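In the text below, chain A, chain B and the rest are named by the order of the sequence lines, each starting its count at 1. Worth saying up front: this structure is predicted, and the values here are computed from it rather than measured.
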Protein chains: 2
Amino acid sequence: MALPPKTARKAVDAKDMAGGDAAGEPATLGEAAYQRLRADIVAGVLEAGKPLRLEALRQRYGLSFSPLREALMRLQSERLVLSTALRGFSVAPLSREEIRDATETRILIECEALRRSMRVGDDDWEAGIVAAFHALGRQVERMARNSGTADPADVAALEERHRQFHHALIAHCGSPRLLDMADQLYIETQRYRLPSLVGQVAGTPPRDVTAEHQQIMDAALRRSDDAAGHLAEHYRRTAAAIEAAMAGSPPA
Amino acid sequence: MALPPKTARKAVDAKDMAGGDAAGEPATLGEAAYQRLRADIVAGVLEAGKPLRLEALRQRYGLSFSPLREALMRLQSERLVLSTALRGFSVAPLSREEIRDATETRILIECEALRRSMRVGDDDWEAGIVAAFHALGRQVERMARNSGTADPADVAALEERHRQFHHALIAHCGSPRLLDMADQLYIETQRYRLPSLVGQVAGTPPRDVTAEHQQIMDAALRRSDDAAGHLAEHYRRTAAAIEAAMAGSPPA
DNA sequence: CAACCAAGAATTTTCGAAAGAATGGCACTC
DNA sequence: GAGTGCCATTCTTTCGAAAATTCTTGGTTG
């Protein structure tokens, strides 16, 4: 399955695609700052709880205050950054309560969105899910072959495929708000998920994530009422694994 | 309108109220810009769909670009403002699809939050609801006496009491995310609600909003499963009234 | 007459400096 | 010796101008 066919654009000028694109080249420095800051927070490069000094960020990213502030403001409303009135910003801390709240909220939002998608989803919806599942599976295979590999590119690809799969499930829910909230909660939980992705957590019941995905997908395609339940179960297991990992090595 | 005199900004001395307060004195100009812009958008002073030129805003509010951009960025993630990469900002348009999505999303969030509050709510929770209901009722009475009054102060007070009542219902849900989302959706729907608050909409079935509130409150205090249903019904009726009003006088 | 291009105008975005507040340390009082 | 007020330092916040980009207009061509 190929991504939507890239309509042959005038290759001459890449700058005519002016819209604030999500993944492509950031059109403004503010957008770039937002993307880089977000990535660094999610990856843990900027440690949870630590203050974000503007001067330090200015040097780190080679930007001026304005775009940085803009980005931080945005990240604040996405719960990745905290700020106090005249005391600046800091990386939002990680905690057990937060992962629980984020998980349960995500379940509420995505289960509803899944039910709605199942109600109205057409062939394209189904095809999108199957395609995403397949691509995710291939990436898992690839990484399983060179097992032990922690190639960051592979991890990033895995995350992206994973995101696309879960997005495909709810893509046809018809509510821009639910989709936005799901996207946002995905990012938030990614912060917690990433660390546990790299190192396998000991002491947790062995888990076949692919099987869980398959179960969700099958139920969804069958339009079975079980689909939402499986999805919730999937997220709760992930949360449990993360909590176990956090108990094992509480971050400094 | 005179240029803003360079009044020395007052330092908020009470260090216990250090956080970026919601209602009180805005600690920074950015916060002030956010509050004023938001109020003007919700009130319709800044018309839906119209572009927000920075130079115009600069003059209108007597501020510089930085705090304005900051505020606009924030409003963008709250769906009150749209922005395109190098083409600036505009007030988010009003539409039937939006009011529907906002209403249904609000029902999803608040019903869940209400159920959770009912599960764990204690005497304080109950007292908060009763108090808010009472205060709301008094305000309604007062305005009914001087009927026909469109005193903006009264309308503002009514809105605030109304907000507090609905907030009290879900206050003990235990999820910061649900509360935030509810707050945000309240603001979004307020944009639609306010116009229909001033002029009574003709052609809609007569409505006793106070009775609806009472019904919700009673069911909630009884911990009845009906509470969420009543709440949903309440919101759907409001949405229907708004849609009727929009059909009657589609905004220019 | 429609499409196209270029120059000018309007607007957004970015910068670096200056002003405003918080933090921490130090002397001073009680 | 503890509390208190003041000062220097550090940091955030704000400004206004400069740079970058889009939009508009008028003229030109096919």
(message) From CG of L86(B) over to C1' of dT21(D), roughly how many Å is that when rounded to an integer?
(response) 6 Å
(request) Whole angstrom is fine here: how far is it from CZ in F89(A) over to P in dA21(C)? (result) 17 Å
(request) Quick one: list whatever passes side-chain contact (heavy atoms from CB on, under 4.5 Å) with E104(B), sequence neighbours left out. (result) R116(A), I107(B), R236(B)
(message) Measure CD/E31(A) against C1'/dA20(D) and give the value in whole Å, please.
(response) 17 Å
(message) Can you tell whether the side chains of R100(A) and E97(A) come within less than 4.0 Å, N to carboxylate O?
(response) no
(request) Could you tell me whether E55(B) and R58(B) have a side-chain N and a carboxylate O separated by less than 4.0 Å? (result) yes
(request) May I ask you to decide whether E188(A) forms a salt bridge with R106(A), counting only side-chain N to carboxylate O separations under 4.0 Å? (result) no
(request) Determine, step by step, whether E98(B) and R191(B) satisfy the salt bridge (Lys or Arg N to Asp or Glu O under 4.0 Å) criterion, reporting the C-alpha distance in whole Å, the side-chain angles of both residues, the deciding distance to 0.1 Å, and the verdict. (result) CA-CA 11 Å; E98(B) 280 296 300; R191(B) 273 187 92 193; over 6 Å; no
(message) Less than 4.0 angstrom between a side-chain N/O of R87(B) and OP1 or OP2 of dT11(C), yes or no?
(response) no
(request) Would you jot down, in residue-number order, the residues of residues 49-75 of chain A having a non-hydrogen atom under 4.0 Å from DNA chain D? (result) L52(A), R53(A), L54(A), R69(A)
(message) Considering only residues two or more places apart or on different chains, which pairs with a residue in residues 37-46 of chain A satisfy salt bridge (Lys or Arg N to Asp or Glu O under 4.0 Å)?
(response) D40(A)-R60(A)
